[in-house]
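Some notes on the structure that comes next.
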Amino acid sequence: MEDFELGWAVGFLEGEGSFTIYPDTPHPTVSVQAAQAHIEPLERVQRVLGGRIGGPYFLKNPEHSPRYLWEMHGHAAAAMLRTIR
């Protein structure tokens with residue numbers, strides 16, 4: 001993994017992503033997600049960090065663009081967060 005690509009992915013997720021820790025479950029887990037109307041930035045994040053992309057998801061308002069969702073959960077997300085830290 002190139003430092004430039006890792007830096008881009010970290011900046012993208014810091015601005016566009018959400019980081020959630022679920023500590024009160026039987027097995028505490030981590031979730032990282034980012035949603036976009038255009039799939040290309042999510043494909044770039046996926047190439048750098050892994051994870052999966054879902055969608056397109058169509059919103060209730062027909063004037064809104066469909067959304068794509070990149071996500072990573074569990075041990076993989078925790079390892080990724082340790083790497084970018």
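No side-chain heavy atom of Pro41 sits under 4.5 Å from any side-chain heavy atom of Tyr68. Between Val30 and His73 the shortest side-chain heavy-atom distance does not fall below 4.5 Å. Between Thr20 and Tyr22 there is a side-chain heavy-atom pair separated by less than 4.5 Å. Leu42 places a side-chain heavy atom less than 4.5 Å from the side chain of Phe12.
Annotation for Pro28 and Pro23: closest pair CG-O, 3.7 Å, computed over non-hydrogen atoms. The two atoms that bring Val48 and Ala9 nearest to each other are CG1-CB, 3.9 Å, heavy atoms only. What you find for Ala34 and Gly17 is that their closest heavy atoms are CB-CA, 4.0 Å.
Annotation: the span from Thr83 atom OG1 to Leu49 atom CG amounts to 8.5 Å, rounded to 0.5 Å. Rounded to the nearest 0.5 Å, atoms CD1 (Ile39) and CD1 (Ile53) are 5.0 Å apart. Separating the OG1 atom in Thr29 from the CD1 atom in Ile21 is a distance of 9.5 Å, to the nearest 0.5 Å.
Under the 4.5 Å side-chain heavy-atom criterion for grouping Ile, Leu, Val, Met, Phe, Trp and Tyr, Val10 is connected to Val32 within one hydrophobic cluster.
Residue-environment remark: CZ (Phe4) stays at or below the threshold of 12 foreign heavy atoms within 6.0 Å.
Judged by distance alone, the side chain of Trp70 and the main-chain N or O of Gly50 form a donor-acceptor pair under 3.5 Å.
Each salt bridge (Lys or Arg N to Asp or Glu O under 4.0 Å) pair with one or both residues in residues 66-82, not counting sequence neighbours, appears once here: Arg52-Glu71. Pairs of residues two or more places apart, or lying in two chains, that qualify as side chain to side chain donor-acceptor pair (under 3.5 Å) and include a residue from residues 37-50 are Glu5-Arg44.
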